[in-house]
*Asks:* 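Provided herewith is a single structure, encoded as structure tokens, for subsequent inquiry.
These numbers come from a predicted model, not from an experiment. All residue numbers refer to positions in the sequence shown, counting from 1.
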Amino acid sequence: MASSSSLSFQDKYDVFLSFRDPSVVRKQTGSYAVSFAELEERFRDRMEKVHQWRAALTEVSNLSGLDSKEFRPEKKLVQIIFEDITKKLPKYLSSNMHTNGHLTRIEKEIKEIVSILCIGTEDARIIGIWGMAGSPAKDYEKLVNHVICYAHGNPLALKVLGSSLCSKRTDVWESALTFVITELTALIDKSLIESHIDNKLRMHDLLRQLGQTIVRDEHIEPSKRSRLWDVKDVCHVLEKNMGTAAVKSISFNVFEISKDVKLCHAAFSEMHNLRILKICCDNIGNDKFKLYLPQGLGSYLSDKLAYLRWDLYPLKSLPSNFSPENLVELVLRGSHVQKLWNNHEVKSLPVLRRIDLSCSKFLTQLPDLSQSSNLESINLEGCKSLVQVLSSLQNLEKLTYLNLRGCSKLRDFEEISKRTEGFLDVARLGGIKNPLKIFTYLKRCIQSFIGNLNLYSSPDHISQKFAPNLRYLILRETAIETVTPSIAYLSVLVQLDLRDCKRLKSLPTSICHLKSLELLVLLGCAKLETFPEILKPMEHLREPALDFSGIQELPESIENLVSLKNLSLGNSEDLEFLPNSLCNLRNLELIWLCSCSKIQKLPALPPSLPELVVNDCEKLKSIAEIPSLCLRLSATGCTSLENI
């Protein structure tokens, strides 16, 4: 339906692709009666919705109009509607939406012209019309195609180039396409830089090439330019110790070097203004050539560094005299660091937001990060030698992401008690029997008396203060055997992922207190034989993924999963029974029971269930009743099925 708030009711247009006898819709007989009976049953606690739907259909059926069946071809009807709207629309348009000449919102400009013309006076006025002179059409067509090709079809680039070149001579077009453009700020104002949802700024190739051209023009010697990105230039400057104070940024990919490169130990000693150092590797582990520091790095890195990324960093620590107070991001993926710095000094890191030491297999411990109050993300995935995480983490109130995936030697945690709104990922934490035991519930009055807490001796519950806003808890492929009942303190948890926890044997009934939980993943938990009783309604849990689990039966209290949409138990070979209360799950859209080899019969199912899949359930003999609104029933390979 198309309508405008400024149109009267009679002027609104309601266009339906197809419609049946209006009297059937008005009285809601036939199939409408059947559908509404089912809706009244489904929404028996919210009958006002059904009444609204009935009233809406009645109102629609009473609308008069044109019957499309009377117009052949149908484009005649479209033409009639278009012409009628065209006649009626102008009287509803505001004064700044003139359609004459196909221009809109130019009222201000028109008023300015009228005021200059001084209409009504006896003075003479000369009006000059300025515009693009006639040019050979073929030349412009060629240039337009060149622009489209050069912009790689990017709409933003086409818009900027189009607005810049509109009404310009062909020689201007040709000059623009060779990028003889001197004002970088003009291009920024024209939005060639975009901000994406991942909080990253992205630059179009056009702007990158322009910037590189400008930098190359700074000096004939690369070492005296503000930015270095060409891998040959960078390696030459670093090998020969030719760096100068002019260099503010170094960025290149190790994957692009064609030989092993040995850096001078004083390579950065003269780069006092270096703010960005980015040495990245696209494919850690498959790098053919490497950067070496045979004599170390001396003691100097610029104190002005805001971004330090050095994948495959070859030394055991950062320079001892390096002052990281301006660092916003520190990324040393696949590095050889054992400690970030050798001394025990607590570094001031007031603006640091992200640390990524992933795949640093020699890292044994973290430094004291208590002075990193703005730290939001720590990634320690694959740090196989890490044995301790210091207690300073409890002061990181803005920490939103902690990844300890694959930290198989981690043995000792300090008590972690912090405010966060983010994501905790301790997947593949191989050596920990119950990672949740590390979170100790301590009253504020006794916190100061608690020192280091050994992982295996700490009390078995989560702090009420730990991660009160934690939304995603991922414990995939850990050796966890139980989930502590105090998990109920994570009141805003949305996702609990325990996939492939091969030793997991039980879940607590307190899980029903996770009122915000939407996704529960127990796929591959082969030793989990029972699903916990759901003692209270859970209004948001929609998908408990139970495939390949050891679950033998579901409790009758599963009916308290009132918002359940998908129930997936595929390849749960020990499953024998489904509860009779399953028929009360009115929002259920899919039951997936493929290859459940022990199940013999299905109970009554929700009448509104649209999809039931029981493929390869070899012992299944009967299905009590096919749901009345079922759209798909798949029972391929059910060799024992006798009754439906």
Side-chain angles (χ1 to χ4, degrees), residues 200 227-241 243 247 249-269 271 274-302 305-322 324 327-342 352-367 377-387 401 403-409 428:
K200 293 183 179 179
R227 290 162 178 80
L228 299 175
W229 66 89
D230 182 86
V231 66
K232 292 182 180 179
D233 290 344
V234 172
C235 290
H236 179 70
V237 170
L238 296 180
E239 281 184 303
K240 304 299 182 181
N241 189 23
V247 180
S249 171
I250 295 177
S251 176
F252 72 102
N253 197 321
V254 176
F255 203 70
E256 296 176 357
I257 64 177
S258 57
K259 64 175 184 176
D260 288 338
V261 178
K262 295 182 179 180
L263 274 60
C264 173
H265 73 285
F268 300 97
S269 60
M271 301 184 192
L274 190 64
R275 289 176 170 82
I276 296 173
L277 177 56
K278 182 180 179 181
I279 304 175
C280 61
C281 181
D282 288 340
N283 197 352
I284 291 179
N286 292 326
D287 47 300
K288 188 175 181 180
F289 301 104
K290 292 181 170 59
L291 293 178
Y292 291 98
L293 285 164
Q295 297 178 318
L297 196 54
S299 60
Y300 188 81
L301 275 178
S302 172
L305 273 175
Y307 182 87
L308 173 55
R309 175 176 177 177
W310 194 328
D311 292 346
L312 307 173
Y313 178 74
L315 303 181
K316 295 180 180 180
S317 65
L318 293 173
S320 56
N321 293 333
F322 171 51
L327 269 185
V328 177
E329 290 200 19
L330 173 61
V331 181
L332 301 174
R333 301 187 311 147
S335 72
H336 286 226
V337 292
Q338 297 178 4
K339 302 176 181 178
L340 281 180
W341 29 82
N342 281 323
L352 186 65
R353 294 183 180 274
R354 175 174 174 245
I355 293 178
D356 186 349
L357 304 175
S358 57
C359 302
S360 296
K361 58 184 179 181
F362 302 109
L363 182 71
T364 58
Q365 66 181 64
L366 290 178
S377 172
I378 300 176
N379 186 355
L380 301 171
E381 178 178 346
C383 295
K384 297 181 179 180
S385 298
L386 187 64
V387 296
Y401 180 91
N403 186 346
L404 298 172
R405 180 174 292 185
C407 298
S408 55
K409 291 186 178 180
R428 295 193 288 276

*Asks:* Taking all heavy atoms of Leu238 and all of Met271, pick out the closest pair and write down the distance.
*Replies:*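 Here Leu238 and Met271 meet closest at CD2-CE, 3.9 Å.
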
*Asks:* With Asp282, which residues qualify under side chain to side chain donor-acceptor pair (under 3.5 Å), at least two apart?
*Replies:*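 Only Asn253 meet the side chain to side chain donor-acceptor pair (under 3.5 Å) criterion with Asp282.
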
*Asks:* Using the ring pair (Phe, Tyr, Trp, His ring centres under 6.0 Å) criterion, which residues pair with Phe362? Sequence neighbours excluded.
*Replies:*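 His336.
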
*Asks:* Could you tell me which residues satisfy side chain to side chain donor-acceptor pair (under 3.5 Å) with Ser317, sequence neighbours excluded, listed by chain and number?
*Replies:*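 Side chain to side chain donor-acceptor pair (under 3.5 Å) check on Ser317 returns Asn342.
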
*Asks:* Quick one: do Phe252 and Asp230 satisfy side chain to side chain contact (heavy atoms under 4.5 Å, CB included)? Show the steps, please.
*Replies:* CA-CA 7 Å; Phe252 72 102; Asp230 182 86; over 6 Å; no

*Asks:* Could you tell me if the side chain of Leu263 sits less than 4.5 Å from the side chain of Leu291, heavy atoms only?
*Replies:*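 Yes, at least one pair of side-chain atoms sits under 4.5 Å.
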
*Asks:* Do Leu352 and Pro324 have side chains that approach each other closer than 4.5 Å (heavy atoms only, starting at C-beta)?
*Replies:*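 A side-chain contact under 4.5 Å is absent here.
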
*Asks:* Can you sort out the partners of Lys262 under side-chain contact (heavy atoms from CB on, under 4.5 Å), two or more places apart, ordered by chain and number?
*Replies:*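 Testing Lys262 for side-chain contact (heavy atoms from CB on, under 4.5 Å), a comparison that skips the adjacent residues, returns Tyr292, Pro294.
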
*Asks:* Heavy atoms, side chains only, cut-off 4.5 Å: are Leu277 and Trp310 in contact?
*Replies:*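 Answer yes - side chains close enough.
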
*Asks:* Is there a side-chain contact between Ile378 and Leu357, using heavy atoms and a 4.5 Å cut-off?
*Replies:*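 SC-SC contact between Ile378 and Leu357 ruled out.
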
*Asks:* Please find the pair of heavy atoms, one from Tyr313 and one from Leu318, that lie closest to each other, and give the distance.
*Replies:*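 Shortest heavy-atom contact: OH-CA, 3.6 Å.
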
*Asks:* Using only atom types and a distance under 3.5 Å, with no angle test, would you say the side chain of Ser360 pairs donor to acceptor with the backbone of Gln338?
*Replies:*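 Answer holds: no.
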
*Asks:* The criterion is side chain to side chain donor-acceptor pair (under 3.5 Å); which residues satisfy it with Arg333, sequence neighbours excluded?
*Replies:*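 With neighbours one apart ignored, the set is Asp311.
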
*Asks:* Of the non-hydrogen atoms in Leu274 and Ser302, which two are nearest, and what is the gap between them?
*Replies:*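 So the minimum-distance heavy-atom pair works out to O-OG, 3.0 Å.
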
*Asks:* Walk me through it: do Asn379 and Ile355 pass the test side chain to side chain contact (heavy atoms under 4.5 Å, CB included)?
*Replies:* CA-CA 6 Å; Asn379 186 355; Ile355 293 178; over 6 Å; no

*Asks:* Identify the heavy atoms of Val261 and Glu239 that sit nearest to each other, and give their distance.
*Replies:*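 Smallest interatomic distance, heavy atoms only, reads CG1-CG, 3.5 Å.
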
*Asks:* Provide the full list of salt bridge (charged side-chain N to carboxylate O under 4.0 Å, His left out) pairs with a residue in residues 353-365, sequence neighbours left out, each pair given once.
*Replies:*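 Non-adjacent pairs meeting salt bridge (charged side-chain N to carboxylate O under 4.0 Å, His left out): Glu329-Arg354, Arg353-Glu376, Arg354-Asp356.
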
*Asks:* Is there a side-chain contact between Phe268 and Ile250, using heavy atoms and a 4.5 Å cut-off?
*Replies:*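 Of all side-chain heavy-atom pairs linking Ile250 with Phe268, at least one is under 4.5 Å.
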
*Asks:* What pair of heavy atoms forms the shortest contact from Pro314 to Leu293, and how long is it?
*Replies:*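 Heavy atoms only, the tightest pair is CG-CD1, 4.0 Å.
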
*Asks:* Looking at every heavy atom in both Val237 and Gly243, which two are closest together, and how far apart are they?
*Replies:*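 Looks like CG1-N, 3.7 Å.
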
*Asks:* Heavy-atom distance under 4.5 Å between the side chains of Leu340 and Leu330, does that happen here?
*Replies:*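 Yes - at least one pair of side-chain heavy atoms lies under 4.5 Å apart.
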
